[in-house]
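Naming: A, B, ... by sequence-line order, numbering from 1 per chain.
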Amino acid sequence: MRIATWNVNSLKARLGRVEEWIGYARPDVLCLQETKLADEAFPGLAIEQLGYEWAHHGDGRWNGVAILSRVGLADVVTGFDDGRDDEAAETRAITANCGGVQVTSVYVPNGRSLDHEMYQWKLEWLDRLHAFVDRTTTPDGKAVVCGDFNIAPTDRDVYSPKSFVGSTHVSEPERKRLDALIEWGMVDAFREQYPDADRLYSWWDYRGGNFHKGLGMRIDLVLVTKALAGSVEFALMDRNARKGTAPSDHAPVFVDLAIA
DNA sequence: ATGGTAGCGCTGCTA
């Protein structure tokens, strides 16, 4: 089972690129973030024509997450279903059962800056995600949480750790939230496949020609439960999808699981 | 040099 994640930075602007990528990567499950669409504007026909069922949750301006699946799509949960009312938070997570695997597509808040209230909101959001995972599965269960975490797990995942000191994406509190998910029983599937490799990034700022200079960060992650970690046979960051005309600023990331 | 690019949508916000 090939499970992919891609922050597309507007599905309306990126539909052609997404269709093209699905055409050759043929993921079984594709998690999207930053669709920037309302549910009624989701291009369902185009996706269905490619052989996928889909579930989307968005407010139309910012955020917006989706799950596309050609191995079944059931038990859809939007947001965290924890009784709290925060639309901006809810449009950043969606979960579905895809072929027996509980898949969650997440768009973790950016945080803006360490002294901004949005940073505190980011940390709270990560705590809610942790609670959701703990409530809905176990390390022995088949579950995947993938998406744009807006966190670089370690300094190895940042092109210039020095220049990011004091910034979001690398701060200790947010990394501790990610570590807590790992300690709970999730595995960073991509890093497991490339334990010693540097410069494997998934996002490059549009500005300054950063992509072509190799200046990026690895912030798009595929976390799988320990039960699934042994089934990971391959993982890839598709840099080609970051090239060419009108790319997203993120590359798609996928892992192949040796399960039925 | 407090910049730069992209998307949304029409002004400035978000990333």
A.B. asks: Which ILVMFWY residues are connected to V77(A), directly or by a chain of links, through side-chain heavy atoms under 4.5 Å apart?
C.D. replies: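 Its cluster partners, ordered by chain and number, are F80(A), V106(A), V108(A), W125(A), L126(A), L129(A), F132(A), V133(A), V145(A), F149(A), I151(A), L178(A), L181(A), I182(A), W184(A), M186(A), L221(A), L223(A).
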A.B. asks: By a strict heavy-atom criterion of less than 4.0 Å, which residues belonging to residues 154-167 of chain A are in contact with DNA chain B?
C.D. replies: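 Contacting residues: none.
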A.B. asks: Of K12(A) and H250(A), whose closest DNA chain B nucleotide lies nearer the 5' terminus?
C.D. replies: K12(A)
A.B. asks: Quick check against the 3.5 Å criterion: does N63(A) have a side-chain atom that pairs as donor or acceptor with the backbone of E34(A)?
C.D. replies: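 A pair under 3.5 Å: no.
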A.B. asks: Heavy atoms within less than 4.0 Å of DNA chain B: which residues of residues 203-211 of chain A have one? Give them sorted by number.
C.D. replies: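 Hits under 4.0 Å, by residue number: Y206(A), R207(A).
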A.B. asks: For a quick test of reading the model: is some side-chain N or O of R92(A) closer than 4.0 Å to OP1 or OP2 of dA15(B)?
C.D. replies: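 Yes, within the criterion.
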A.B. asks: Which nucleotide sits closest to the side chain of W62(A): dA15(B), dC8(B), dT14(B)?
C.D. replies: dT14(B)
A.B. asks: Group every Ile, Leu, Val, Met, Phe, Trp and Tyr by side-chain heavy-atom contacts under 4.5 Å, then state whether M118(A) and Y107(A) land in the same group.
C.D. replies: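 No: no chain of side-chain contacts under 4.5 Å links M118(A) to Y107(A).
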A.B. asks: Check K176(A) with E183(A), please: is the shortest side-chain N to carboxylate O separation under 4.0 Å?
C.D. replies: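 No.
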A.B. asks: Taking the basic N atoms (NZ, or NE/NH1/NH2) and the acidic carboxylate oxygens, is any pair closer than 4.0 Å for D86(A) and R92(A)?
C.D. replies: no
A.B. asks: Are side-chain N/O atoms of D148(A) and W203(A) paired as donor and acceptor at under 3.5 Å?
C.D. replies: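 The criterion, which ignores hydrogens and geometry beyond distance, is not satisfied for W203(A) and D148(A).
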A.B. asks: Closest nucleotide of DNA chain B for S10(A) versus for E34(A): which of these residues is on the 5' side?
C.D. replies: S10(A)
A.B. asks: Are side-chain N/O atoms of Y24(A) and N240(A) paired as donor and acceptor at under 3.5 Å?
C.D. replies: no
A.B. asks: Looking only at the side chains, is there a donor atom on one of S105(A) and Q33(A) sitting less than 3.5 Å from an acceptor on the other?
C.D. replies: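 Short answer, yes.
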A.B. asks: Nearest to the side chain of R14(A), heavy atoms from C-beta on, is which of dC8(B), dT14(B), dA6(B)?
C.D. replies: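 Of the options given, the side chain of R14(A) lies nearest dA6(B).
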A.B. asks: Looking for any heavy atom pair under 4.0 Å, which part of the strands does R242(A) touch: base, sugar-phosphate only, or nothing?
C.D. replies: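 Counting heavy atoms under 4.0 Å across all strands, no contact is made by R242(A).
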